Amino acid sequence: GNSVTQMEGPVTLSEEAFLTINCTYTATGYPSLFWYVQYPGEGLQLLLKATKADDKGSNKGFEATYRKETTSFHLEKGSVQVSDSAVYFCALRKGDDKIIFGKGTRLHILP
Amino acid sequence: ETGVTQTPRHLVMGMTNKKSLKCEQHLGHNAMYWYKQSAKKPLELMFVYSLEERVENNSVPSRFSPECPNSSHLFLHLHTLQPEDSALYLCASSQDLSGGVSGELFFGEGSRLTVL
């Protein structure tokens with residue numbers, strides 16, 4: 001079946017560091033891929049998405065590229081801020097199937 | 001007015017109490033969901049409603065009882081819960097079961113439940 005695997009956290013970085021959170025998926029065909037973010041005390045919200053191979057999703061300085069050859073959708077940001085501290089969820093959706101979330105990666109940014 | 005509103009934000013209840021969680025969406029969506037988020041566990045999909053009909057029930061104990069009176073409102077009735085049911089309960093909605101053109105789920109801020 002379809003599944004999403006993302007790196008275990010927590011990830012702790014200093015402000016202005018480069019961020020990568022790895023995400024790989026298992027699915028037949030071409031699912032849509034998403035990153036959701038959950039800030040402290042809030043629900044999840046969509047950060048970015050990509051719907052076909054080689055698409056790049058971007059928002060708030062974050063980027064992720066849909067790589068079919070490596071079945072990956074890694075999240076990157078060039079210079080993180082304290083306000084980026086949150087839990088990040090990689091997810092996929094194939095057609096009309098329900099969305100499948102990864103386990104989440106907690107990110108701590110130190111000032 | 002936020003898209004998906006959940007009340008109460010915090011709830012403490014004893015194991016013999018009966019309480020309800022409420023979710024309201026102002027987005028004109030046709031599908032609504034309940035998720036459970038526990039510490040150090042993946043998000044668990046509990047129930048899915050489409051056009052007020054339950055379409056998924058993921059082996060959730062009967063002490064959790066959902067209700068969807070219309071496409072804008074979703075309730076989770078709680079009865080004789082256990083301490084391990086303490087968690088953040090998240091409501092979400094989407095345009096339809098496929099998520100519509102965007103494929104996106106819209107979440108509320110959650111109801112933090114503590115069972116004593």
Side-chain angles (χ1 to χ4, degrees), chain A residues 1-11 21 23-27 29-52 55 57-59 64 66 73 86-106 108, chain B residues 2-10 21 23-25 27 29-51 54-58 74 87-113:
Chain A
N2 299 335
S3 65
V4 174
T5 303
Q6 61 181 109
M7 63 191 291
E8 297 270 340
V11 173
I21 300 178
C23 172
T24 57
Y25 68 90
T26 301
Y30 293 86
S32 293
L33 302 174
F34 307 86
W35 277 101
Y36 280 78
V37 59
Q38 184 178 29
Y39 297 106
E42 298 184 14
L44 282 71
Q45 57 185 273
L46 181 66
L47 179 60
L48 54 84
K49 67 173 184 178
T51 57
K52 60 183 189 293
D55 264 3
S58 61
N59 186 24
Y66 190 143
F73 193 55
V87 182
Y88 292 81
F89 293 88
C90 186
L92 73 79
R93 176 170 240 159
K94 176 78 185 302
D96 291 347
D97 292 346
K98 65 185 180 187
I99 191 168
I100 295 172
F101 288 95
K103 293 184 178 181
T105 302
R106 185 174 297 276
H108 294 292
Chain B
T2 57
V4 180
T5 305
Q6 290 187 241
T7 55
R9 293 293 309 278
H10 300 273
L21 306 181
C23 176
E24 184 174 0
Q25 57 98 359
L27 300 169
H29 289 166
N30 292 321
M32 296 187 77
Y33 311 76
W34 278 116
Y35 283 86
K36 178 182 178 183
Q37 187 177 32
S38 306
K40 299 183 181 179
K41 291 176 95 174
L43 273 174
E44 299 174 55
L45 179 62
M46 300 175 73
F47 301 104
V48 181
Y49 277 82
S50 175
L51 296 170
R54 191 189 311 180
V55 297
E56 188 155 344
N57 175 352
N58 284 337
L74 185 65
L88 181 69
Y89 289 85
L90 291 164
C91 175
S93 71
S94 63
Q95 192 171 336
D96 51 42
L97 284 178
S98 70
V101 173
S102 71
E104 180 179 355
L105 288 178
F106 293 79
F107 284 84
E109 294 183 314
S111 294
R112 172 72 62 187
L113 173 66

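Within every chain, numbering begins at 1; the chains are lettered A, B, ... in the order of the sequence lines, protein sequences first and strands thereafter. Note that this is a predicted model, so its numbers are computed, not measured.
Across every non-hydrogen atom of A/Lys103 and B/Pro42, the tightest pair is CG-CG, 3.8 Å.
For A/Lys98, the side chain to side chain contact (heavy atoms under 4.5 Å, CB included) partners two or more places apart in sequence, or in a different chain, are B/Leu45, B/Glu56, B/Asn58. Evaluation of the side-chain hydrogen bond (donor to acceptor under 3.5 Å, both in side chains) rule for A/Arg106 yields no partner, not counting sequence neighbours.
Side-chain contact between A/Phe101 and B/Leu105 is present, with heavy atoms from C-beta onward closer than 4.5 Å.
Here CZ of B/Phe106 is found 13.0 Å from CG of A/Leu44. Values are rounded to the nearest 0.5 Å.
The residue from A/Gln38, A/Gln45, A/Glu42 that alone fulfils the side-chain contact (heavy atoms from CB on, under 4.5 Å) condition with B/Glu109 is A/Glu42.
For chain B, the nearby part of A/Tyr36 is the side chain; its heavy atoms alone come within less than 4.5 Å. With a threshold of 4.5 angstrom between heavy atoms, B/Gln37 approaches chain A through side-chain atoms but not through N, CA, C or O.
Shown here is A/Tyr30, whose OH atom has no more than 12 heavy atoms of other residues, nucleotides or ligands within 6.0 Å.
No donor-acceptor distance shorter than 3.5 angstrom exists from the side chain of B/Arg112 to the backbone of A/Gly41, with no hydrogens or angles considered.
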